[in-house]
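Accompanying notes for the structure given below.
Start at 1 and go down the list; that is how both ligands and their atoms are numbered. Not measured: the values here are computed from a predicted model.
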Amino acid sequence: MRLNPDIQKKLIETAINARQWAYAPYSHYTVGASVLTASGKVYEGVNIENAAYPTSICAERVAIFKAVSEGEKEFTAIVVATENGGSPCGSCRQVMAEFGLATQVLIIDAGGKIHMESTVEGLLPGAFTPKDLI
Ligand code: THU
């Protein structure tokens with residue numbers, strides 16, 4: 001289902017605006033994410049790096065974890081904003097898949113240009129999900 005254009009605009013603006021809060025002193029690659037919950041709330045996240053590099057976390061997971069930690073588990077859309085329209089990493093795709101394969105994903109650049117419009121299923125075909133744990 002298509003996103004309402006006003007909501008899509010808000011999600012895009014939120015993800016782009018969030019990039020200013022990214023903590024990326026090592027890669028200098030700032031990422032902002034916004035998540036729309038089924039209940040209509042919007043959560044934002046940024047990448048947060050660490051001097052012990054593997055401890056860093058991506059923007060998408062921060063946004064999703066913030067939402068989940070406040071009781072939200074159903075997501076309608078996720079927007080990821082980077083300078084150049086970079087694509088979500090595998091770990092973030094797996095975390096997205098945990099909460100639904102139908103969630104829409106928009107990948108945008110700093111100017112708001114859409115580089116990819118897909119779903120979690122499109123980003124991670126054949127995902128291992130809670131249904132696989134019988
Ligand atoms: N990064 C994200 O925040 N999301 C992604 O999906 C890809 C990568 C971050 C991790 C790291 O802080 C920086 O971008 C460079 O890899």
Side-chain angles (χ1 to χ4, degrees):
M1 214 180 64
R2 286 244 152 220
L3 273 180
N4 167 299
D6 289 340
I7 292 174
Q8 178 167 313
K9 188 165 175 274
K10 183 182 169 190
L11 288 172
I12 288 175
E13 284 170 0
T14 301
I16 289 173
N17 185 58
R19 286 182 65 224
Q20 70 182 300
W21 308 119
Y23 178 72
Y26 308 109
S27 72
H28 303 288
Y29 190 76
T30 61
V31 186
S34 59
V35 171
L36 174 67
T37 70
S39 65
K41 289 189 198 148
V42 175
Y43 289 84
E44 60 190 73
V46 296
N47 53 328
I48 304 171
E49 298 182 348
N50 192 282
Y53 295 173
T55 315
S56 304
I57 187 165
C58 295
E60 299 90 315
R61 275 177 283 159
V62 169
I64 291 168
F65 293 162
K66 280 169 76 175
V68 172
S69 72
E70 295 191 17
E72 302 286 345
K73 286 184 200 65
E74 279 179 58
F75 304 116
T76 306
I78 300 175
V79 175
V80 188
T82 60
E83 189 60 35
N84 59 351
S87 196
C89 81
S91 297
C92 288
R93 292 174 193 221
Q94 182 63 37
V95 169
M96 291 176 194
E98 179 72 16
F99 299 103
L101 299 175
T103 303
Q104 294 200 35
V105 184
L106 287 186
I107 299 169
I108 62 168
D109 66 23
K113 183 181 161 207
I114 297 174
H115 286 241
M116 194 199 276
E117 196 164 1
S118 188
T119 59
V120 172
E121 184 153 35
L123 288 179
L124 193 62
F128 186 85
T129 70
K131 288 197 181 117
D132 291 300
L133 288 175
I134 43 173

Margin query: Let's go through L36 and K10 carefully: what are the C-alpha distance in whole Å and the side-chain angles of both, what is the deciding distance for side-chain contact (heavy atoms from CB on, under 4.5 Å) to 0.1 Å, and is it a yes or a no?
Written below: CA-CA 10 Å; L36 174 67; K10 183 182 169 190; over 6 Å; no
Notebook entry, point to check: In terms of side-chain geometry, is the basic nitrogen of E70 or K66 positioned less than 4.0 Å from the acidic oxygen of its partner?
Noted result: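 Looking at K66 together with E70, the answer is no, because their closest N to O distance does not fall below 4.0 Å.
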Does ligand 1 have any N/O pairs with the protein under 3.5 Å, and how far apart?
| from | atom 1 | to | atom 2 | distance (Å) |
| --- | --- | --- | --- | --- |
| ligand 1 | 3 (O) | A59 | N | 3.0 |
| ligand 1 | 4 (N) | E60 | OE1 | 2.8 |
| ligand 1 | 4 (N) | E60 | OE2 | 3.4 |
| ligand 1 | 6 (O) | E60 | OE1 | 3.4 |
| ligand 1 | 6 (O) | E60 | OE2 | 2.6 |
| ligand 1 | 6 (O) | C89 | N | 2.9 |
| ligand 1 | 12 (O) | N47 | ND2 | 2.9 |
| ligand 1 | 12 (O) | E49 | OE2 | 2.5 |

Notebook entry, point to check: What is the ring orientation for Y53 with Y26, classed by angle as parallel under 30°, tilted 30 to 60°, or perpendicular over 60°?
Noted result: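 It falls in the tilted class, 30° to 60°.
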Check: Which is it for T119 and L101 under the side-chain contact (heavy atoms from CB on, under 4.5 Å) test, yes or no, and what are the steps along the way?
Finding: CA-CA 7 Å; T119 59; L101 299 175; over 6 Å; no
Item checked: Side-chain donor/acceptor of N17 to backbone N/O of T14, under 3.5 Å -> no
Next item on the list: Please indicate whether E74 has more than 12 foreign heavy atoms, meaning atoms of other residues, nucleotides or ligands, lying under 6.0 Å from its CD.
Entry: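 Open: at most 12 neighbouring heavy atoms sit under 6.0 Å from CD of E74.
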